[in-house]
Amino acid sequence: MNTAFKSQVRAMAASMGFPEAVYVTRPNLPPLDDVMNTLKPAWDRRWITNDGELHIRLETELAKRLGVPYLNLFCNGTVALLTALKVLNLEEGAVITTPFTFPATVSVLYWCGLRPVYCDIQPDGYNLDPAGIEALIGPDTKAILPVHVYGIPCDVAAIKDIADRHGLPVIYDAAHAFGVRLRGESVLVHGDLSMLSFHATKVFTTAEGGALATGNPELHQRARVLKNFGITGEESVVAPGLNGKMNEMQAALGLAQLDGLDANTEKRRRLDGIYRRLLQHEPGLALLDMPRDVDPNYAYFPVRVQEALFGLNRDTLYETLKAFNIQCRKYFYPLCSSHPWCSAKTGTLPRAEAAADEVLCLPMYGQLPEAWAEKIGTIIKSLGSLARI
Ligand code: T4K
């Protein structure tokens, strides 16, 4: 960027910059007293993990709230996903997945002796493109692992059709999709298993945490055993399990948050509306279309930056916003397919590559003041106008 642009940005930042960092997200924390009051009975019982009462209550409440038949809580989403692969006995071979995701989606494959085969993303979205899957299926393909990126549901019908015809199981990485409904029902009912993340950066959080949802009681039971070392009784260990359990402190945080969830989603919806109003007609910025048949959770606000029209590229916008104390994130750059440890041989992935180079996620969380979202949108517009002079 030229010197004139830089000095104008400095002047703008001096008057419009935030006094404190505005992060891409913040955890949705309930009042600490609520957490303590919820935790107290477990504390008094001195029962703080291993199927504690809070854990059982949270499992029941979440299954009901999310509309899934069976749900297992986990210590985090990554271990839940790893367990899902083991539940389906997936070992050795290939799994078709997307490169446009957080590294955990792919790293668990390697932990199971599997390897990713990357399929490009949709022409008009950020999820794995079903049209590309079939050409990638080979004799050693073991499963399909799509991700509901930013909480927008994949084309679940097309993926099911392909999976059924080839006899492949489908595991959804639904880390971003807590509470999302598709055509009136939970998006988690699709596939053999769906993984949720309750990390601090997610719309529902237990600090670290996650879950596996399924409609299949046998898969549910196997996940329950595998997340507890494979133990089924004091003297019986039926499989090589791991320790994937959620503890009572995590469960208390989750339970104390449930009452505020709808208000949190509603606030996110308003923030989403503010950004859309300000940015939807801005040259060179493309916003994520919200499909009509989806009840979203407004987990992220990704913006696609096209340099030729906006005047700045994504990386320059990202850096320039830091001068205003606005800490956006480039979810998901770099692509998984570009990390040396998971760059399995693959064809070109032009749509995923373009998305990784152009997407910027703006601050989005329930406690973000609406005035801040207005200001962030206004700053972005002003930067575009300035760059196009
Ligand atoms: N699959 C997908 C598609 C995923 O996105 C993820 C996780 C997983 C699987 C794995 O699920 P888990 O095993 O995590 O349950 C964050 C999260 O660490 C990660 O959970 C998440 N995806 C990913 C999208 O985002 P980073 O590296 O961006 O986190 P970090 O620490 O830079 O935090 C981002 C911002 O959040 C900070 O700038 C400030 C804010 N923050 C963060 C933390 C931890 C807070 O305000 N408070 C906090 O306590 O990865």
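Counting starts at 1 for both ligands and their atoms, following the listed order.
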Minimum non-hydrogen distance to atom 40 (C) of ligand 1, winning option of Thr25, Thr105, Leu196, Val108:
Thr25
Which of the ligand 1 atoms, numbered from 1, are nearer than 4.0 Å to a heavy atom of Ala104
8 (C), 9 (C), 10 (C)
If you scan protein heavy atoms around atom 22 (N) of ligand 1, the nearest is Lys202 NZ, 2.8 Å
Which residue and heavy atom of the protein sit nearest atom 15 (O) of ligand 1, plus the separation:
Ser197 OG, 2.7 Å
What atoms in ligand 1 come closer than 4.0 Å to a heavy atom of Arg26?
45 (C), 46 (O)
Quick one: do Glu358 and Lys330 make a salt bridge, cutoff under 4.0 Å?
no
At what distance is the nearest protein heavy atom to atom 1 (N) of ligand 1, and which residue and atom is it?
Asp173 OD2, 2.6 Å
State whether any protein heavy atom lies less than 4.0 Å from atom 31 (O) of ligand 1.
no
Cationic N near anionic O, under 4.0 Å, Glu307 to Arg314:
no
Are Val147 and Leu145 connected in a single hydrophobic cluster, I mean Ile/Leu/Val/Met/Phe/Trp/Tyr linked by side-chain heavy atoms less than 4.5 Å apart?
no
Residues Asp192, Lys160: salt bridge by 4.0 Å N-O rule
no
Side chain to side chain, Thr49 and Met249, heavy atoms closer than 4.5 Å:
no
With heavy atoms only and a cut-off of under 4.0 Å, state how Phe100 meets ligand 1: side chain, backbone, both or neither.
neither
What atoms in ligand 1 come closer than 4.0 Å to a heavy atom of Thr101?
3 (C)
Closest protein heavy atom to atom 13 (O) of ligand 1, given as residue, atom name and distance to 0.1 Å
Thr78 OG1, 2.5 Å
Around atom 27 (O) of ligand 1, find the nearest protein heavy atom and jot down its residue, atom name and distance.
Arg329 NH2, 3.7 Å
Looking only at protein heavy atoms, what sits closest to atom 25 (O) of ligand 1 is Tyr331 OH, 3.4 Å
Using a strict 4.0 Å cut-off to heavy atoms of Pro27, name the atoms of ligand 1 that fall inside it.
45 (C), 46 (O), 47 (N)
Quick one: which ligand 1 atoms are inside 4.0 Å of a heavy atom on Tyr300?
24 (C)
For atom 4 (C) of ligand 1, grab the closest protein heavy atom and report residue, atom and distance to one decimal in Å.
Phe102 CB, 3.4 Å
Strictly distance-based, threshold 3.5 Å: is any side-chain N or O of Arg269 a donor or acceptor partner for the main-chain N or O of Tyr298?
no
I would like to know whether Glu185 and Arg181 meet salt bridge (charged side-chain N to carboxylate O under 4.0 Å, His left out); could you show each step before the answer?
CA-CA 5 Å; Glu185 67 175 353; Arg181 297 177 79 78; over 6 Å; no
Classify the angle between the aromatic ring planes of Phe332 and His176 as parallel (below 30°), tilted (30 to 60°) or perpendicular (above 60°).
parallel
Is Ala80 close enough to touch ligand 1? Criterion: a residue heavy atom under 4.0 Å from a ligand atom.
no
Presence of salt bridge, Lys142 and Glu92, under 4.0 angstrom:
no
Looking only at heavy atoms, is any part of Gln327 under 4.0 Å from ligand 1, and if so is it the side chain, the backbone, or both, or is it neither?
neither
At a 4.0 Å threshold, what atoms of ligand 1 neighbour a non-hydrogen atom of Tyr23?
38 (O), 39 (C)
Note: Arg57-Glu248 ion pair, threshold 4.0 Å (strictly below):
no
Gly209 neighbourhood, listing ligand 1 atoms whose heavy-atom distance to it stays under 4.0 Å:
15 (O)
If the threshold is 4.0 Å, N to carboxylate O, is there a salt bridge linking Glu59 and Lys64?
no
Can you pull out the closest protein heavy atom to atom 16 (C) of ligand 1? Residue, atom name and distance to 0.1 Å, please.
Thr201 OG1, 3.8 Å
Tell me whether the rings of Tyr331 and Tyr300 are parallel (<30°), tilted (30 to 60°) or perpendicular (>60°).
perpendicular
Compute the minimum heavy-atom distance from Glu208 to ligand 1 and say whether it is under 4.0 Å.
no
Within less than 4.0 angstrom of ligand 1, does Tyr150 place any heavy atom?
no
Can the positive tip of Arg65 be found less than 6.0 Å from the middle of the six-membered ring of Phe204, inside 45° of the ring normal?
no
